[in-house]
2 protein chains.
Amino acid sequence: MAGTPRKKPIKSAPAPRAADSVNRVYAAIQRMAVNFEFRPEQRINEVELAATLGVSRTPVREALNRLVIEGLITLVPNKGFYCRPFDAEQIISLFEVRAALERLSVELAAERASDVRIAELMDFWNGVRANRAAMDAEELTSRDEEFHIRIAAMGGNPELVRMLESINARIRFVRRIEIENPLRRTTTFDEHLAIAEALKARDRDRAVSCMSDHIGISVADAVAAMKEGLARIYMGRIAS
Amino acid sequence: MAGTPRKKPIKSAPAPRAADSVNRVYAAIQRMAVNFEFRPEQRINEVELAATLGVSRTPVREALNRLVIEGLITLVPNKGFYCRPFDAEQIISLFEVRAALERLSVELAAERASDVRIAELMDFWNGVRANRAAMDAEELTSRDEEFHIRIAAMGGNPELVRMLESINARIRFVRRIEIENPLRRTTTFDEHLAIAEALKARDRDRAVSCMSDHIGISVADAVAAMKEGLARIYMGRIAS
DNA sequence: GCATTCTGAAGTGTACACACTTTCACGGAG
DNA sequence: CTCCGTGAAAGTGTGTACACTTCAGAATGC
């Protein structure tokens, strides 16, 4: 064992391959794009971004190509990669599609979820509710998403989960602002519980209608939230 | 003008940049993956594929990364890119999601489509029906998809269209086999017309129910079609 | 004979090189 | 003053090089 240089000698390792750079880089850029850390329509400088992330342009470009398909980045040939535009109609479109998928979500969950999973869902949300004073909008948005994704997962349809996650990433910015509204915040807690109750009762139609009420409200407020969102992006976090 | 070498001197051009390789390569590999020209779970050799397509590995890898997000290719770190598995449960999942999105499709179309677009839709499908004798399963599948995509487009929701197209690419293989069934073929023509009629009458509920019948049937037959699909992939096109 | 280790080839992951395109500032002509 | 070339710098698109990983099969030890 003494003489076998298993991985590396103690000596200088010149750059032993970063191991899975693309996935790290992908996650990092995704996070930035989701949070609009690039301004809408801003060109993304590959060299600069690569330097920031400590890798070469190759994994950066591979990650960006993934994000193009996800709809978080756009690509203009011979010009480069750009941050997605802040497109109000597109966001409305995503909310519409999301509503349809969330409907499927509760339908499947009402039919297929085990009692245990439904009980866990209620426990989870009661836990969030109990801690709500300690949570900022960021964390609460995350819990909100988790609630919906759990329901989707209970339906046993992994593709549904994937698509909802992808849509959530693209509208998270708006939803986080919505959730800052104290009124909306309160109603969200009750609406989630109503959905969970309907699932527990295996009342598919009621679950659909609760979900529909829950999602439906937000479309109306979305425009206001988007306005605020635009202001945040361009004016920084100064104005509360 | 005489002295300005605008693009290239007449002299040998060593390889003047293939211009938009990634998009060409992406489309090519996508087509191959959709048609299962790679066997399920088969590792995709990058050098070989690059040579076949006449480019280097760089654009090939960028295209493959896009296809991973689309769900047509999987990536195992340090092993390489693989053809997606032939997963019956996943295909069922996709059919379920598709049904939910097609429902949204007709709902939106019934509300928002112009009379002209609806009339064009009927003309389009009557035209297909008239030519049906001259069409093979491949072409008919394409027209079938176009019918559904037109409805989605009429609803004015581009994201819905995108997602349906993405799902269609992943289940096209199964649907093409379904359409080969002469019985199914006949019913499809009538069902499409019934949907179009309901849209023309602006009868949203009837449109939903027609669409639901139309899609619902296929889930039941999907398993049989998948069996046949597996045989095709592994035994070639010999056995009809 | 069987398990284990070694070894080389094949292939992926990433950095880098270089040609081409775009962009922008500058300067001259109208 | 505006408008159009012009040229250089910046930046993208793709080919290539090379280190590392994996895998299969031979060689070795028991």
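Per chain, numbering begins at 1; letters A, B, ... match sequence-line order.
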Please tell me if [X] has a side-chain N or O lying less than 4.0 Å from either OP1 or OP2 of [N].
| X | N | result |
| --- | --- | --- |
| Lys79(A) | dT23(C) | yes |
| Ser56(B) | dT16(D) | no |
| Arg43(A) | dT12(D) | yes |
| Ser21(B) | dT14(D) | yes |

> Do Asn65(B) side-chain atoms and Arg61(B) backbone N/O form a donor-acceptor pair below 3.5 Å?
Replying inline: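 Present.
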If you check the [X] side chain, which of [options] turns out closest?
| X | options | result |
| --- | --- | --- |
| Leu75(A) | dG13(D), dG11(C), dT14(C) | dG13(D) |
| Val47(B) | dT12(C), dG13(C), dT14(D) | dT12(C) |
| Thr58(A) | dA15(C), dT12(D), dG13(C) | dA15(C) |
| Val55(A) | dT12(C), dA15(C), dT14(D) | dA15(C) |
| Glu46(A) | dG13(D), dT12(C), dA15(C) | dG13(D) |
| Asn78(B) | dG13(C), dG13(D), dT16(D) | dG13(C) |

[X] [atom1] - [N] [atom2] separation (whole Å):
| X | N | atom1 | atom2 | result |
| --- | --- | --- | --- | --- |
| Glu48(B) | dA9(C) | CD | P | 20 Å |
| Arg61(B) | dG15(D) | CZ | C1' | 14 Å |
| Glu62(B) | dT12(C) | CD | C1' | 16 Å |
| Asn45(B) | dA10(C) | CG | P | 11 Å |
| Phe81(A) | dT14(D) | CZ | P | 10 Å |
| Tyr26(A) | dT14(C) | OH | C1' | 20 Å |

>> Other residues, nucleotides and ligands only: do more than 12 of their heavy atoms fall within 6.0 Å of CD on Glu89(A)?
In response: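 Open: at most 12 neighbouring heavy atoms sit under 6.0 Å from CD of Glu89(A).
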> When all nucleic acid strands are considered with a 4.0 Å heavy-atom cut-off, which category describes Leu64(A): base, sugar-phosphate, or nothing?
Replying inline: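 Nothing, no nucleic acid heavy atom in range.
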>> Mind checking if Leu49(B) touches a base, just sugar-phosphate, or nothing, with heavy atoms under 4.0 Å?
In response: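 It contacts nothing in the nucleic acid.
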>> I'd like to know if Arg175(B) pairs up with Glu178(B) as an ion pair, taking the criterion as any Lys NZ or Arg NE/NH1/NH2 lying under 4.0 Å from an Asp or Glu carboxylate oxygen.
In response: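 No.
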> Can we say Arg66(B) and Glu70(B) salt-bridge, meaning some charged N sits less than 4.0 Å from an Asp/Glu carboxylate O?
Replying inline: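 Glu70(B) and Arg66(B): not salt-bridged.
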> Donor-acceptor pair under 3.5 Å: do we get one between Arg57(B)'s side chain and the base of dG11(C)?
Replying inline: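 Between dG11(C) and Arg57(B), which were checked side chain against base, a qualifying N/O pair under 3.5 Å is absent.
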> 5'-most contact on DNA chain C: Tyr82(A) or Val22(A), nearest heavy atom basis?
Replying inline: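 Its nucleotide being nearer the 5' end, the pick is Val22(A).
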> Only one of Arg143(B), Arg176(B), Arg172(B) clears salt bridge (charged side-chain N to carboxylate O under 4.0 Å, His left out) with Glu138(B); which?
Replying inline: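 The single option meeting the salt bridge (charged side-chain N to carboxylate O under 4.0 Å, His left out) with Glu138(B) is Arg176(B).
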